[in-house]
Amino acid sequence: MNKEQAVNNLDTVITNVEAARLSLSDHHIVKIVAISKYNTQEDIQTLYNAGQRAFGENKIQDLKEKSINLDDTPIEWHFVGRLQKNKINNLIDLNPALMHSLDSLELAQELDKKLEAKNRKMNCLLQINSANEDSKAGVSSDNAIDIYTQISQNCKNIKLQGVMSIGAHCDDEDRIKESFDITKGIFDSLKDTGAKFCSMGMSSDYELAIKCGSNMIRVGSSLFK
Ligand SMILES: *Cc1c(COP(=O)(O)O)cnc(C)c1O
């Protein structure tokens, strides 16, 4: 990806985000996280130079290598992948700005214990499997509010900031919208407890996600092409 491509990709995504968010409200602000899991550190640097600041990875090892190699660039790193229990300490050491994929109460309890031992805190989102798909991680939408509340009350080293979902994996826009609406409904009922981010929308569905109320999108392929 050369500089001109990066500028064009970012321009296109920002233009689409603007149109989608303004269709909701002038006051609806959307944060773009560039998911760089299939991309090199050179491409990340190129997109950074084009103006993108937040990047996300889905593997601990990749997050580690890329963040070390790009140490001189003040990137805001996010983690969006499945976290295995034996990698928790590695993630804590990498100190991400936001961990999107807290996907069970058990993982939260393990993470909290290890944060406590290291005297650290972590900003996290609770991942909700609102499309109810076996292939996806996340708590069920029926249990989400209860689990969110339990983590907030019992895991004091985890700073819950909201929720994350991956849209239904299909071409049926109504079904994708339905999954986003479920997550947004849960997000709204958690706002009183300080939930700030509703992370949903990827390259194929971020405009729809924003229209459903997403305020954080995770875009990979559309930004790196
Ligand atoms: C890969 C990935 C994305 C980005 O997907 P694209 O379709 O390339 O935009 C977003 N969220 C998660 C959790 C991912 O793993």
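FYI, side chains are in, hydrogens and waters are out, and symmetry mates aren't considered; it's all heavy atoms of this structure. We're numbering straight along the sequence, starting at 1.
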[Y] and [X], any side-chain heavy atoms less than 4.5 Å apart:
{"X": "Cys124", "Y": "Leu111", "result": "yes"}
{"X": "Thr46", "Y": "Asn2", "result": "no"}
{"X": "Phe55", "Y": "Leu70", "result": "no"}
{"X": "Asn49", "Y": "Thr73", "result": "no"}
{"X": "Leu105", "Y": "Ile151", "result": "yes"}
{"X": "Gln127", "Y": "Ile166", "result": "yes"}
{"X": "Leu223", "Y": "Ile32", "result": "yes"}
{"X": "Gln161", "Y": "Met216", "result": "no"}

[X] and [Y]: side chain donor to acceptor below 3.5 Å:
{"X": "Gln41", "Y": "Lys66", "value": "no"}
{"X": "Gln61", "Y": "Glu65", "value": "yes"}
{"X": "Asn9", "Y": "Gln5", "value": "no"}

Counting only heavy atoms from other residues, nucleotides and ligands, does the tally under 6.0 Å from [atom1] of [X] exceed 12?
{"X": "Asp172", "atom1": "CG", "answer": "yes"}
{"X": "Lys136", "atom1": "NZ", "answer": "yes"}
{"X": "Asn119", "atom1": "CG", "answer": "no"}
{"X": "Arg120", "atom1": "CZ", "answer": "yes"}
{"X": "Glu42", "atom1": "CD", "answer": "yes"}

Nearest-0.5 Å distance that lies between atom [atom1] in [X] and atom [atom2] in [Y]:
{"X": "Ile44", "Y": "Trp77", "atom1": "CD1", "atom2": "CH2", "answer": "4.0 Å"}
{"X": "Ser130", "Y": "Lys184", "atom1": "OG", "atom2": "NZ", "answer": "13.5 Å"}
{"X": "Leu63", "Y": "Met99", "atom1": "CG", "atom2": "CE", "answer": "11.0 Å"}
{"X": "Ser140", "Y": "Ile147", "atom1": "OG", "atom2": "CD1", "answer": "6.5 Å"}

Hey, are [X] and [Y] close enough for a salt bridge, meaning a charged N less than 4.0 Å from a carboxylate O?
{"X": "Glu57", "Y": "Lys64", "answer": "no"}
{"X": "Glu116", "Y": "Lys113", "answer": "no"}
{"X": "Glu110", "Y": "Lys114", "answer": "yes"}

### Option among Ser165, Ser199, Ser141 that satisfies the side-chain hydrogen bond (donor to acceptor under 3.5 Å, both in side chains) test with Thr183
Ser165
### Query
Can Cys212 and Lys177 be said to form a side-chain contact (heavy atoms from CB on, under 4.5 Å), step by step?
CA-CA 7 Å; Cys212 293; Lys177 183 175 184 306; 3.7 Å; yes
### Residues Lys118, Asn89; criterion side-chain contact (heavy atoms from CB on, under 4.5 Å); working and verdict
CA-CA 9 Å; Lys118 287 176 177 276; Asn89 278 324; 3.1 Å; yes
